Amino acid sequence: MKISAALAGMFASRTPRTSSAGARTVARMMRPSAPARELDLLLIWSAVGLLLLGLVMVYSASIAIAEGSRFTGNQSHYFLMRHAVFLAVGIGVGLVAFQLPMTQWQRLAPALFVGGVVLLIVVLIPGVGREVNGAQRWLSLGPVNLQPSELMKVFAAIYAADYTVRKLDAMGSFKRGFLPMMMVILFVGFLLLREPDFGAFVVITAIAFGVLFLGGVNIRVFALLGVVALIGFVILIWTSPYRRERIFGFMDPWQDAFGKGYQLSHALIAFGRGEWFGVGLGASVEKLFYLPEAHTDFLLSVIAEELGFVGVVVVVGMFAILIQRAFVIGREAIKLERYFSGLVAQGIGLWMGVQSFINMGVNTGLLPTKGLTLPLMSFGGSGIVANCLALAILLRIDWEVRQMKRGGGS
């Protein structure tokens, strides 16, 4: 008998004067949790809220560009329908992924990571990878395009967790614990920079080394990594005229508002127009061919213009809840000595946190313009599917932890 049910029966037996209606009320309150409570409701509702709000805002932000493009057949709902299909596929993938126990994910970790690396190599092959706006990041699969770097974020979190668990006794050693992972991530970074996809490189690096840090890597080694990474990023930016121009444009977008600072200046105009409560859903002016990539990288600016400061705070709040729950789930798993599951959960939390922070920072002018979408919300098939896959794994970890606490897990 479940503990809560036993308590309900004991309570009822010791209070004979309680009315039958009162006894039934107490029994309902003390009965075993409903199936829905076997999962973290805060995590579920924050994720659902972001996905549904993203669907609405992608439609709002893309109407003008869809109506004015021959590529879309001048159909206003073109991006809405595709985003809805991507979301449905992502949920389907998530439902399948949820069925796999974390022990199986751990066994698959090396193969998934190698598969991700192979895809990153294939996308660079001339004539195979699809080039858009000077970047070769996509593999054409008929009517849709696959972006391997999005899947690599999931695989990096899983592989880094598996690596850390296998090397737990060597985490204090630079040569045996830290160096092998550093070499692997540098190779992945080399492939990503060849596309180029600097934003994905930053996120994957943060995931991998963040998991190593949480797994107990030597703090002095980690501090040294931070210094080396900072120097490396400065060199990468300074040796690339394209990235250097973005940095200078970010520092003063109004100096060249029609050139280097064009995207940021219009993003800031959108935030300014939104004020507290926005100009109303669908009433954005900046999405009317002024703000580039309004339905992808700069979706938050459209949210700010149409829903105002309040709308942005709601989005930030939902992300904060989702990330906090990911770390709580990870901590609970680690308490039960499920180290791989705990590190995967926290790796997913790091991914969502770092990428959403960078996107929000770009939209508000706190960070240089970078091609990173807002997780769970921006238009993009590979991104939505990868996000749903990560959420499914996170929910699986939560479910297994709750089963163990109830004595039903292994």
Side-chain angles (χ1 to χ4, degrees), residues 32-52 54-55 83-113 115-116 146 150-162 165 207 211 318-319 321-334 336 338-352 355 375-377 380-410:
S33 299
R37 293 184 182 177
E38 293 186 1
L39 295 172
D40 192 314
L41 293 182
L42 276 175
L43 173 63
I44 291 173
W45 286 116
S46 59
V48 169
L50 289 168
L51 288 169
L52 293 181
L55 183 66
H83 192 75
V85 170
F86 294 148
L87 187 55
V89 171
I91 292 172
V93 169
L95 290 173
V96 173
F98 182 81
Q99 306 304 315
L100 291 179
M102 291 309 297
T103 52
Q104 184 68 17
W105 283 109
Q106 188 170 8
R107 283 194 290 268
L108 291 172
L112 290 173
F113 190 80
L146 174 68
E150 291 294 336
L151 295 178
M152 197 64 189
K153 294 170 186 176
V154 187
F155 300 159
I158 295 172
Y159 179 74
D162 174 59
V165 171
I207 293 169
V211 169
M318 286 192 287
F319 271 112
I321 292 170
L322 188 149
I323 294 161
Q324 187 263 349
R325 298 316 301 168
F327 276 91
V328 168
I329 290 168
R331 186 171 66 243
E332 292 300 313
I334 290 171
L336 296 174
R338 299 181 72 91
Y339 299 113
F340 171 74
S341 297
L343 290 173
V344 169
Q346 293 180 345
I348 292 171
L350 278 169
W351 166 20
M352 297 295 172
Q355 184 162 334
L376 302 169
M377 298 189 74
S382 300
I384 288 294
V385 171
N387 294 161
C388 290
L389 174 60
L391 286 174
I393 295 172
L394 189 56
L395 287 170
R396 176 72 195 195
I397 295 167
D398 180 48
W399 185 83
E400 289 187 2
V401 166
R402 290 170 187 259
Q403 293 301 305
M404 283 195 71
K405 286 183 175 180
R406 292 171 181 167
S410 56

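Since the structure is predicted, the reported quantities are computational estimates derived from the model, not experimental observations.
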Look up atom [atom1] in [X] and atom [atom2] in [Y], then write down how far apart they are to the nearest 0.5 Å.
X	Y	atom1	atom2	result
L395	R402	CG	CZ	9.5 Å
I334	Q346	CD1	CD	4.5 Å
Q104	Q106	CD	CD	10.5 Å
L112	I158	CG	CD1	5.5 Å
L336	R331	CG	CZ	12.0 Å
L43	I329	CG	CD1	5.0 Å

Side-chain donor or acceptor of [X] paired with backbone N/O of [Y] under 3.5 Å:
X	Y	value
N387	P375	no
E400	M102	yes
D398	D40	yes

Please report the shortest heavy-atom distance between [X] and [Y], naming the atom on each side.
X	Y	result
A392	F98	O-CD1, 3.7 Å
G90	C388	O-CB, 3.2 Å
L394	A345	CD1-CB, 3.5 Å
A97	L389	CB-CD1, 3.4 Å
K405	E332	NZ-OE1, 2.6 Å
G347	V211	CA-CG2, 3.7 Å

Report yes if the side chains of [X] and [Y] come closer than 4.5 Å at any heavy-atom pair, otherwise no.
X	Y	answer
I384	H83	yes
L391	L376	yes
F319	Q355	no
F327	I323	yes
D162	W105	no
L151	L146	yes

Could you walk me through whether F340 and V344 satisfy the side chain to side chain contact (heavy atoms under 4.5 Å, CB included) test, starting with their C-alpha distance in whole Å, then the side-chain angles of each, then the deciding distance to 0.1 Å, before giving a yes or no? CA-CA 6 Å; F340 171 74; V344 169; 3.6 Å; yes

Where do L100 and R396 land on the side chain to side chain contact (heavy atoms under 4.5 Å, CB included) test, with the steps shown first? CA-CA 8 Å; L100 291 179; R396 176 72 195 195; over 6 Å; no

Using the side chain to side chain contact (heavy atoms under 4.5 Å, CB included) rule, take L51 and I91 through it: C-alpha gap first, then chi angles, then the decisive distance, then the call. CA-CA 11 Å; L51 288 169; I91 292 172; 5.6 Å; no

Would you call the rings of F113 and Y159 parallel, tilted or perpendicular, taking 30° and 60° as the class edges?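 F113 vs Y159 ring planes: parallel.
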
